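Right, one structure below, let's go through it.
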Number of protein chains: 2
Amino acid sequence: MVKSAVIQDTEAKILAAAGEVFREKGRDGAKMQEIADAAGINKAMLHYYFRSKDQLFETVFTQAAQHFFEKLNGILNADKTLFEMIHLLCGAYLTMATENPHFPLFIIGESNRNAEGFMKKIFSLKAKKPEFTRFKKLVQDEINLGHINNVKPEQIIMNILSLCIYPAMAKPMMKMGLGLTEKEFDSAIEERKQSIADLIIGSIRKN
Amino acid sequence: MVKSAVIQDTEAKILAAAGEVFREKGRDGAKMQEIADAAGINKAMLHYYFRSKDQLFETVFTQAAQHFFEKLNGILNADKTLFEMIHLLCGAYLTMATENPHFPLFIIGESNRNAEGFMKKIFSLKAKKPEFTRFKKLVQDEINLGHINNVKPEQIIMNILSLCIYPAMAKPMMKMGLGLTEKEFDSAIEERKQSIADLIIGSIRKN
DNA sequence: GTCTATAATTTGATAGAC
DNA sequence: GTCTATCAAATTATAGAC
């Protein structure tokens, strides 16, 4: 166990390469040969470690979902006020979507393709599925205190997810549609880091 | 030319079937056999009419984009006030996304896969690419009149698109994540038809 | 134009040497 | 564990009869 930390073992290399290719090309568009090339190893190794393309995909997908859920649960269960939590959620989602723009499309595509299987997978993860019960309670408390309007917590969640994730995942189309350069688009996204949480809060706060 | 209007010609049948399958399964996930079955014709016919799978996809994609752009241009160039136009845009996008939830994923996936080719395709359409110049002017006018805050029109567009499209395209994941039944989710979307435009307008209107 | 049968190609998967 | 060579299956594409 004195292996250099720089040199990943083969399994890790495969998972990293497969993750990238699957996210970019999708489950069907990704080819085993391309994954092998990206990992710098032979195609036969993929089968040696993961048996089949399906199994490799499942592993990659599960790992990605798990990683994200852990992060999310950290926020949703933190001891914060509603407004603080909205800020944190917006920051986390925006950062995730910006750094890894293919990830949301990847997840959504898979959940659309096979909703039942998707659900089963999610529920069998070690990391618990994100729980919004605490968030919902915070919303209800603020309503009772008269601080915010009588809104459904689900709508707030939908708004946060939409505003944070969509622009990043649709970047090429957005850039083109709005006629923005790469730089202009990136700075537009940067602006949103400040504005989205305020927009959400402004829309529910009682004046 | 006394053919019954009910019986579509083969080419139209193919395009309809291919559109459905491509949107649902994606460019790579869709199989020619499945398209042929959906169209109720033989696989060889697909090649007779469209030469190759690639060409069939391009035709379907272009046609879909064109149809949507025409609708959008109708709104963007209409003689309306800014607030009216925001309401119309939200309605059009929400309806589109709800009735055809696979369409946005389809377009975004393709534009991510090949941004340059996507742009070339769009620009060569008969229907002009949607122009936001008039929308931008309306925003600037309202800013000058002191009716709304000094916001960038691009941010408004991003917000409209995000809030309307994302929840519908991510329906299975949303349902699961929020623990909603089909019925509950649909009524949540229905609520948004009333609330989204108001949310957008509320976020920019000067009080 | 439409079909059946078949060719050609791509791609996932395995066998077997090292 | 890793590679080369090869197989097997799936899928696109075409040939040719009607």
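Each chain gets a letter, A, B and so on, in the order the sequences are listed, and its residues count up from 1. Predicted model only: the values in this text are computed from it and were never measured.
Separating the CG atom of B:Leu46 from the C1' atom of D:dA13 is a distance of 11 Å, rounded to the nearest angstrom. Remark: C1' of D:dA10 and NZ of B:Lys31 are 8 Å apart, rounded to the nearest angstrom. Atoms NZ (B:Lys53) and C1' (D:dT11) sit 8 Å apart, rounded to a whole Å. In this entry the distance linking NE2 of A:His47 with P of D:dT2 reads 16 Å, nearest Å. Rounded to whole Å, atom P of C:dT10 lies 15 Å from atom CE of B:Met32. One interatomic measurement links the two molecules: CG of A:Asp54 to P of D:dA9, which rounds to 17 Å at whole-angstrom precision. One can place OH of A:Tyr48 at 17 Å from C1' of D:dT4, the figure rounded to the nearest angstrom.
Looking at heavy-atom distances under 4.0 Å, A:Tyr49 makes contact with sugar-phosphate atoms alone, never a base. If you check every strand for non-hydrogen atoms under 4.0 Å, B:Ala30 touches sugar and phosphate atoms only.
Ion pairing between A:Glu20 and A:Lys25 fails under the 4.0 Å rule for side-chain N and carboxylate O. Checked for salt-bridge contact, B:Asp186 and B:Lys171 meet the test: a charged N lies under 4.0 Å from a carboxylate O.
The shortest distance between the side-chain N/O atoms of B:Ser52 and the OP1/OP2 oxygens of D:dT12 is not below 4.0 Å. Between B:Arg51 and D:dT12 there is no side-chain polar atom (N or O) within less than 4.0 angstrom of OP1 or OP2.
Of all heavy-atom pairs between A:Ile165 and A:Ala97, the closest is CA-CB, 4.1 Å.
Under the ring-ring contact (aromatic ring centres under 6.0 Å, His included) test applied with B:Phe61, the options B:Phe22, B:Phe103, B:Phe118 reduce to a single match, B:Phe118.
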